[in-house]
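Small disclaimer: the values here were computed from a predicted structure and weren't measured.
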Amino acid sequence: MDTTGIAHALIDWFGRSARKLPWRAPETSAWAILVSEFMLQQTQVERVLPRWTAWLERWPQPSALAADPPGEAVRAWDRLGYPRRALWLHRAAVEIAEQHSDQVPSDVNQLLALTGVGPYTARAVATFAFGERHPVVDTNTRRVIARVVHGRAAAGMPAARDLDDMAQLLPEEPAAAAVFNAAAMELGAIVCTARAPRCDECPLAAWCEWRGTGYPDNAPEKRPKQAKFEGSDRQARGRVLALLRSAHGAVTRAEAAAAARAGMSPAALAANPGQAERAVESLLRDTLVIAEGERLRLP
DNA sequence: AATCCGGGGGC
DNA sequence: GCCCCAGGATT
């Protein structure tokens, strides 16, 4: 495998074709980059942009967020989805303020110790905020490597091997390695896409094993399909939180349960009795909602 | 290793 | 309608 040629072509393409995303600006703080990585976990770039800007305007440092109640983070998270991430980001801000003098750590192990920071986010922050040399592997990178290196139509289940695969391709120079990491993610996001890859625009087409072998239909077994959202507990939870974000005081359990049922068909309600109450209880368990007396509010 | 966790965009 | 998305925590 011509790793030097691949790295050069990909970095060159990134210089020409990368989107101008604000968290890639050179002066972006490590905190701002950390916030972007939290928001980008399973949420697309276009939806993140306005929330990211507003978040950093309001909370320019971890200590600023840590000083506000966690419910404010849940409210500002708006509809980015998976609101537990807002809670985790708040906890991470408290941890950074209390344990790291309000400075985002650069060490991968210290980053991994923060709430809500896993293998992807830790290496992304160490790499993009501090210029360290690590393989940064996300869903885009895994797909690019699956196709270019392994000749497969799609990536399989995430595995430790993914980090080794990426490390094999990484340029020696840390700055070049950081750009290469970002470029692999960008290529997967806008050219080597899951659905309809734009191979005619791909800078790695000449090296791509999947292309070279005639696009075999050899996708490995995918992770189990996510349950349908319509009618799910997640949807019910989302409706309750939407009510609490807009309500500035507390609401009753009856109001919360009614919000959980809003829009459900009579048949769906009959098929899933008690779902609304379960949704409220699970939000309480997750501390996304807290009870004070008979009423409920954001934490 | 499997499940859970939002919500929206693309096709 | 279905698939996918800059994942991580929990069991």
Side-chain angles (χ1 to χ4, degrees), chain A residues 14 18-19 21-24 28 32-52 74 77-89 91-92 111-129 134-144 153-160 162-163 166 178 181-190 192-198 219 221-242 244-245 260 263 278-279 282-283 285-289:
Chain A
F14 187 73
R19 294 168 292 181
L21 302 178
W23 42 83
R24 287 182 183 153
T28 310
I33 290 174
L34 179 66
V35 172
S36 79
E37 297 300 348
F38 264 83
M39 291 183 169
L40 288 163
Q41 292 168 6
Q42 300 286 281
T43 304
Q44 297 89 335
V45 166
E46 288 70 22
R47 294 170 57 204
V48 164
L49 285 168
R51 293 295 108 225
W52 181 79
V74 174
W77 196 256
D78 199 33
R79 304 180 71 95
L80 289 179
Y82 293 139
R84 295 196 287 199
R85 291 182 292 160
L87 228 41
W88 293 341
L89 179 51
R91 278 182 211 147
L111 285 161
L112 283 169
L114 298 173
T115 301
V117 173
Y120 164 75
T121 303
R123 290 179 180 79
V125 171
T127 297
F128 302 136
H134 301 282
V136 181
V137 172
D138 76 332
T139 185
N140 292 305
T141 303
R142 297 194 325 105
R143 182 173 54 253
V144 170
M157 306 278 287
D162 300 337
L163 284 177
M166 188 61 177
N181 277 307
M185 290 165 47
E186 186 78 348
L187 189 74
I190 67 181
C192 193
T193 54
R195 212 71 64 81
R198 300 169 174 81
E221 192 127 348
K222 287 298 296 181
R223 53 202 304 179
K225 202 167 51 169
Q226 183 174 29
K228 187 189 294 202
F229 180 59
E230 192 66 31
S232 68
D233 288 2
R234 283 169 23 223
Q235 185 181 39
R237 287 164 52 105
R239 291 198 188 101
V240 174
L241 273 190
L244 285 167
R245 279 196 305 266
R278 283 201 312 279
S282 75
L283 288 169
R285 261 199 309 282
D286 290 347
T287 70
L288 279 162
V289 173

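In this structure, A:Leu163 atom CG and C:dA6 atom P are separated by 18 Å, rounded to whole Å. The CG atom of A:Leu112 sits 13 Å away from the C1' atom of C:dA9 (whole-angstrom rounding). Put simply, OH on A:Tyr82 is 10 Å from P on B:dG7, counting in whole angstrom units. As rounded to whole Å, 8 Å separates atom C1' of B:dG6 from atom CZ of A:Arg85. For the pair A:Arg278 CZ and B:dC4 C1', the computed distance is 14 Å after rounding to whole Å. Spacing between atom CZ of A:Arg47 and atom C1' of B:dG10 amounts to 13 Å, rounded to whole angstrom units. Atom CD of A:Glu230 is separated from atom P of C:dC2 by 12 Å (rounded to the nearest Å). Counting to the nearest Å, the C1' atom of C:dA6 and the CZ atom of A:Phe128 are 8 Å from each other.
Within the 4.5 Å cutoff, the side chain of A:Phe38 has heavy atoms near those of the A:Val117 side chain. Counting only heavy atoms from C-beta outward, the side chains of A:Gln235 and A:Ser232 approach each other to under 4.5 Å. At least one side-chain heavy atom of A:Asn181 sits under 4.5 Å from a side-chain heavy atom of A:Phe128. The shortest distance between side-chain heavy atoms of A:Met166 and A:Val136 does not fall below 4.5 Å. In this structure the side chain of A:Val35 reaches within 4.5 angstrom of the side chain of A:Leu89, judged on heavy atoms.
Heavy atoms of A:Val117 sit under 4.0 angstrom from primed sugar atoms or phosphate atoms, though from no base atom. Within 4.0 Å (heavy atoms only), A:Gly118 reaches sugar-phosphate atoms of the nucleic acid but no base atom. Residue contacts shown for A:Trp77 are absent, as no nucleic acid heavy atom lies under 4.0 Å away. Nucleic acid contact class of A:Leu21 (heavy atoms, under 4.0 Å, all strands): base. Across all strands shown, A:Leu241 has no heavy atoms under 4.0 Å from either base or sugar-phosphate atoms. Across all strands shown, A:Arg24 has heavy atoms under 4.0 Å from base atoms, whether or not it also approaches the sugar-phosphate.
Side-chain N or O atoms of A:Arg85 include one that pairs as donor or acceptor with a backbone N or O of A:Leu80 at under 3.5 Å.
Annotation: salt bridge (Lys or Arg N to Asp or Glu O under 4.0 Å) contacts of A:Glu37 (sequence neighbours excluded): none.
Remark: the A:Arg195 side chain and the B:dC11 base include no donor-acceptor N/O pair separated by less than 3.5 Å. Side-chain to base pairing of A:Thr121 with C:dG8: no donor and acceptor N or O lie closer than 3.5 Å to each other. No hydrogens or angles were tested; on distance alone, a donor-acceptor pair under 3.5 Å links the side chain of A:Gln44 to the base of C:dC5.
One P atom belongs to B:dG10, the other to C:dA6, and the distance between them is 12 Å to the nearest Å. Separation of the C1' atoms belonging to C:dC3 and B:dG6 is 16 Å when rounded to the nearest angstrom.
A:Thr43 and A:Arg51 are not linked by any side-chain donor-acceptor pair at a separation below 3.5 angstrom, with hydrogens and angles left out of the test.
With a 3.5 Å limit on both pairing distances and Watson-Crick or G-U wobble geometry required, the stems of 3 or more pairs in DNA chain B span B:1-5 with C:7-11, B:7-11 with C:1-5.
In this structure, of B:dC5, B:dG7, C:dG7, it is C:dG7 that holds the atom nearest to the side chain of A:Gln42. When distances are taken from the side chain of A:Arg79 to each of B:dG7, C:dA6, C:dG7, the shortest belongs to B:dG7.
Comparing A:Ala194 and A:Gly116 by the nucleotide of DNA chain C whose heavy atom lies nearest to each, the residue mapping closer to the 5' end is A:Ala194. Where A:Ala227 and A:Gly238 each meet DNA chain B at their nearest nucleotide, the meeting point lying more 5' is that of A:Ala227. When each of A:Arg19 and A:Thr115 is assigned the nucleotide of DNA chain C bearing its nearest heavy atom, the one mapping closer to the 5' terminus is A:Arg19.
Nearest heavy atom pair, residue A:Thr193 against residue A:Arg143, reads C-NE, 3.5 Å.
Of the side-chain N and O atoms in A:Thr139, one or more sit less than 4.0 angstrom from OP1 or OP2 of C:dC5. Taking side-chain N and O atoms only, A:Arg239 has no distance below 4.0 Å to OP1 or OP2 of B:dG7.
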